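Each remark here refers to the structure printed beneath this line.
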Amino acid sequence: MARIIDGKAFATRVRALVADQVAQMKKETGIVPGLAVILVGENPASAVYVRNKGRQTVETGMNSFEYILPADTTADELLAVIARLNGDPAVHGILVQLPLPGHLDADLVINTIDPAKDVDGFHVSNVGLLGTGQKAMLPCTPLGCLMLLRDHLGDLSGLNAVVVGRSNIVGKPMAQLLLGDDCTVTIAHSRTRNLADICRDADILVAAVGRPGMIPGDWIKPGATVIDVGINRIKSDGRAKLVGDVDFADAVRVAGAITPVPGGVGPMTIACLLANTLSACCRANGLAEPEGS
Ligand code: GUN
């Protein structure tokens with residue numbers, strides 16, 4: 001049976017560390033890190049995430065600024081909000097919740113955020129820095145996955161890593177981070193041929209496709225480390241349930257270690273967002289960045 005990687009407990013430790021560092025900063029300098037989150041429209045899943053982010057930001061001792069805008073907000077109106085936040089010294093991190101309503105161009109919106117405040121790491125400047133191995137603001141979900149992998153495996157050098165999914169939010173930056181840790185990286189996606197065989201070659205398998213249970217146990221190399229990024233809402237026996245992209249009951253018998261859903265990668269995302277906000281605040285104020293950030 002695989003070891004269950006407890007992302008919830010790990011995230012709690014990361015948040016406690018960030019809270020200590022925020023308290024120390026406040027005491028020594030009077031500066032309080034601030035995170036602004038913008039939600040456009042009424043996507044129910046997004047509304048839950050935004051609420052959780054706001055709550056955990058405050059629990060960590062930071063200032064939370066929430067902008068809940070109507071679904072028919074124009075691009076000009078949204079860009080004006082971002083421009084104001086870019087210029088506000090009390091705001092160190094800006095996050096625009098995705099997906100945006102169809103009439104808004106997500107690339108344009110994200111690239112309007114000051115890269116120094118882009119705590120999601122989605123601005124092309126940060127994407128480019130990551131891609132060229134330079135210091136960048138790192139996307140929160142892939143960063144959380146990398147932290148879990150390093151904690152479980154130690155040195156990742158030379159391992160075969162397969163990332164299933166090629167989104168800008170998870171798949172592509174995940175592959176870059178694994179490459180940065182000297183893995184041999186394959187990015188697979190919906191058009192990939194022989195996906196089962198490619199997955200079976202993985203020492204590290206990261207599933208980020210958003211299709212419930214699409215990876216069965218017999219696609220997993222015995223002893224592999226499986227990171228399941230999927231958060232899929234399904235109905236099972238008439239009840240709503242959250243499941244990952246990996247068939248957990250099947251995979252847990254084959255893998256060496258696996259993240260559960262819920263309680264695996266999910267909680268790490270917000271923990272990394274808070275850590276990124278603290279780092280951005282340190283840099284904005286010329287302070288040393290906290291250890292381990
Ligand atoms: N939607 C799903 N995941 C994310 C994320 O990490 N950041 C933002 N801004 N939107 C998301």
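Counting starts at 1 for both ligands and their atoms, in listed order. Everything numeric in this text was worked out from a predicted model, so none of it was measured.
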Starting from [atom], find the nearest protein heavy-atom neighbour and note its residue, name and distance.
atom	answer
atom 5 (C) of ligand 1	Asp120 OD1, 3.8 Å
atom 3 (N) of ligand 1	Ile169 CG2, 4.2 Å
atom 1 (N) of ligand 1	Leu98 O, 2.9 Å

Within-4.5 Å side-chain heavy-atom neighbours: Leu138 and Leu130: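 In short, these two side chains touch, coming nearer than 4.5 Å.
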
Less than 4.5 Å apart, any side-chain heavy atom of Asp181 and any of Leu177?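 No, too far: nothing below the 4.5 Å cut-off.
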
Checking side-chain contact (heavy atoms from CB on, under 4.5 Å) for the pair Leu178/Leu159: CA distance, chi angles, key distance, verdict? CA-CA 9 Å; Leu178 290 164; Leu159 296 176; over 6 Å; no

Please list, in number order, the atoms of ligand 1 under 4.0 Å from a heavy atom of Val96.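 Here the atoms of ligand 1 in question are 8 (C), 9 (N).
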
For Leu95, take its heavy atoms, then give the atoms of ligand 1 lying under 4.0 Å from any of them.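 Counting from 1, the qualifying ligand atoms are 9 (N).
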
Answer yes or no for Phe122: is there a heavy-atom contact with ligand 1 below 4.0 Å?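 Phe122 counts as a contact of ligand 1 under the 4.0 Å cut-off.
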
Test your reading of the model: is there a side-chain donor-acceptor pair from Asp250 to the backbone of Gly213, 3.5 Å cut-off?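 It does not hold such a pair.
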
Closest non-hydrogen atom pair, Cys183 against Leu156: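 For Cys183 and Leu156, the tightest heavy-atom pair comes out as SG-O, 3.5 Å.
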
